[in-house]
Amino acid sequence: VCNEVNVCGEVRAISQTDSLTVVNTASRALWGDEAAKRIREAMGEIPRSSLLMKKIDSTLRGPVAEEAEVAMRAGGYERMIFCSAFPAQKRTIRDGILWVDGVPLSEILLHERGQAFHLPDRPAEVLEKLFRTTEIGLEIVRAGEGSLIRAVLEAPAGSAICIDAESEEDLDVIASAVWEKEDWLC
């Protein structure tokens, strides 16, 4: 089921089932305040489902931390599960480092708004300015859903939990662990 939601005067698609809502606010290119406003409006427009997934750029471009903070606050979420891995596009996370086609993110020159720049290797570093962060490695993900849930619950409330993933199977474990967790933002 795909629904439309009016966010800041623009129609944005959201996908929704009984237990999942995925929101694409198309806010990556916006500045922090503009992006925050768009997130607040989106949060007011979507029904509360058992799990909300906020789409981000897999190379961490845009106001990722600011958007996550607004979504956490507006939705009243206790924890944020953060994994920007996209194995199909050779974007993986191992030992807390985001790799793009086998190269650490910080070694890749990114471009946006006519500017060239580098971003940190660690998703946790991007989020640390606004969140307490916890990193969870592949050994816990590959130990299964129960191990991952226990590790997430050990993180303090209000935390951003950054999880390693190198394969679709790793992402499946993460998805199974977070499914139907009403107080977790993904």
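The shown structure was predicted, so the numbers you read here are calculated from the model rather than taken from an experiment. Values reported hereafter were calculated over all heavy atoms of this structure, with side chains retained and with hydrogens, waters and symmetry mates removed.
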When L98 is tested against each of D121, T92, L105 for side-chain contact (heavy atoms from CB on, under 4.5 Å), which residue passes? L105

Qualifying residue for side-chain contact (heavy atoms from CB on, under 4.5 Å) with V173, from V141, I163, V178: V141

If you apply the rule side-chain contact (heavy atoms from CB on, under 4.5 Å), what do you find for I81 with I174, and how did you get there? CA-CA 9 Å; I81 307 305; I174 296 167; 4.3 Å; yes

Side chains of [X] and [Y]: does their closest heavy-atom pair fall under 4.5 Å?
X    : Y    : answer
H111 : F117 : no
I39  : T25  : yes
V126 : L119 : no
L127 : M80  : yes

Which atom pairs, one a donor and one an acceptor, fall under 3.5 Å between side chains of residues 154-161 and the rest of the protein, sequence neighbours left out?
| from | atom 1 | to | atom 2 | distance (Å) |
| --- | --- | --- | --- | --- |
| S159 | OG | P156 | O | 2.6 |

Is there a continuous path of hydrophobic side-chain contacts, each under 4.5 Å between heavy atoms, that joins [X] to [Y]?
X    : Y    : answer
I97  : F86  : no
L138 : I93  : no
W99  : I136 : no

Full working for side-chain contact (heavy atoms from CB on, under 4.5 Å) between K90 and V100: CA-CA 6 Å; K90 299 182 180 177; V100 179; over 6 Å; no

Derivation and outcome, side-chain contact (heavy atoms from CB on, under 4.5 Å), residues I149 and K181: CA-CA 10 Å; I149 290 170; K181 304 292 189 288; 3.8 Å; yes

Contacts of D95 meeting salt bridge (charged side-chain N to carboxylate O under 4.0 Å, His left out) (sequence neighbours excluded), chain-then-number -> none

Interatomic spacing from [atom1] in [X] to [atom2] in [Y] - rounded to 0.5 Å:
X    : Y    : atom1 : atom2 : result
Y77  : M72  : OH    : CE    : 10.0 Å
L148 : R150 : CG    : CZ    : 9.5 Å
E135 : E125 : CD    : CD    : 10.0 Å

Heavy-atom pair of closest approach, residues [X] and [Y]:
X    : Y    : answer
S176 : E145 : O-OE2, 3.3 Å
A65  : F131 : O-CE1, 3.8 Å
A165 : A85  : O-CB, 3.5 Å
A124 : T133 : O-CG2, 3.7 Å
S58  : S84  : CB-O, 3.3 Å
C162 : P123 : SG-C, 4.2 Å

Answer yes or no: is there an ion pair linking R38 with E34, defined by an N-O contact shorter than 4.0 Å? no

Just by distance, do the side chain of R91 and the backbone of D101 share a donor-acceptor pair under 3.5 Å? no

Whether the side chain of H118 engages the backbone of I108 through a donor-acceptor N/O pair (distance < 3.5 Å, no angle test) should be reported. yes

Evaluate E128 against R122 for salt bridge (charged side-chain N to carboxylate O under 4.0 Å, His left out), listing each step before the verdict. CA-CA 10 Å; E128 286 176 339; R122 302 180 90 75; over 6 Å; no

Evaluate the side-chain contact (heavy atoms from CB on, under 4.5 Å) criterion for residues F82 and L60: first the C-alpha distance (whole Å), next the side-chain angles of each, then the deciding distance (0.1 Å), finally the verdict. CA-CA 11 Å; F82 192 90; L60 309 176; 3.7 Å; yes

Mind running salt bridge (charged side-chain N to carboxylate O under 4.0 Å, His left out) on D170 and R142 for me, showing each step along the way? CA-CA 7 Å; D170 295 336; R142 292 179 178 164; 2.9 Å; yes

So E66 and K129, salt bridge (charged side-chain N to carboxylate O under 4.0 Å, His left out) or not? Walk me through it. CA-CA 9 Å; E66 293 84 354; K129 60 185 172 181; 3.2 Å; yes

Does either side chain, that of E67 or that of S27, offer a donor lying less than 3.5 Å from an acceptor on the other one? yes

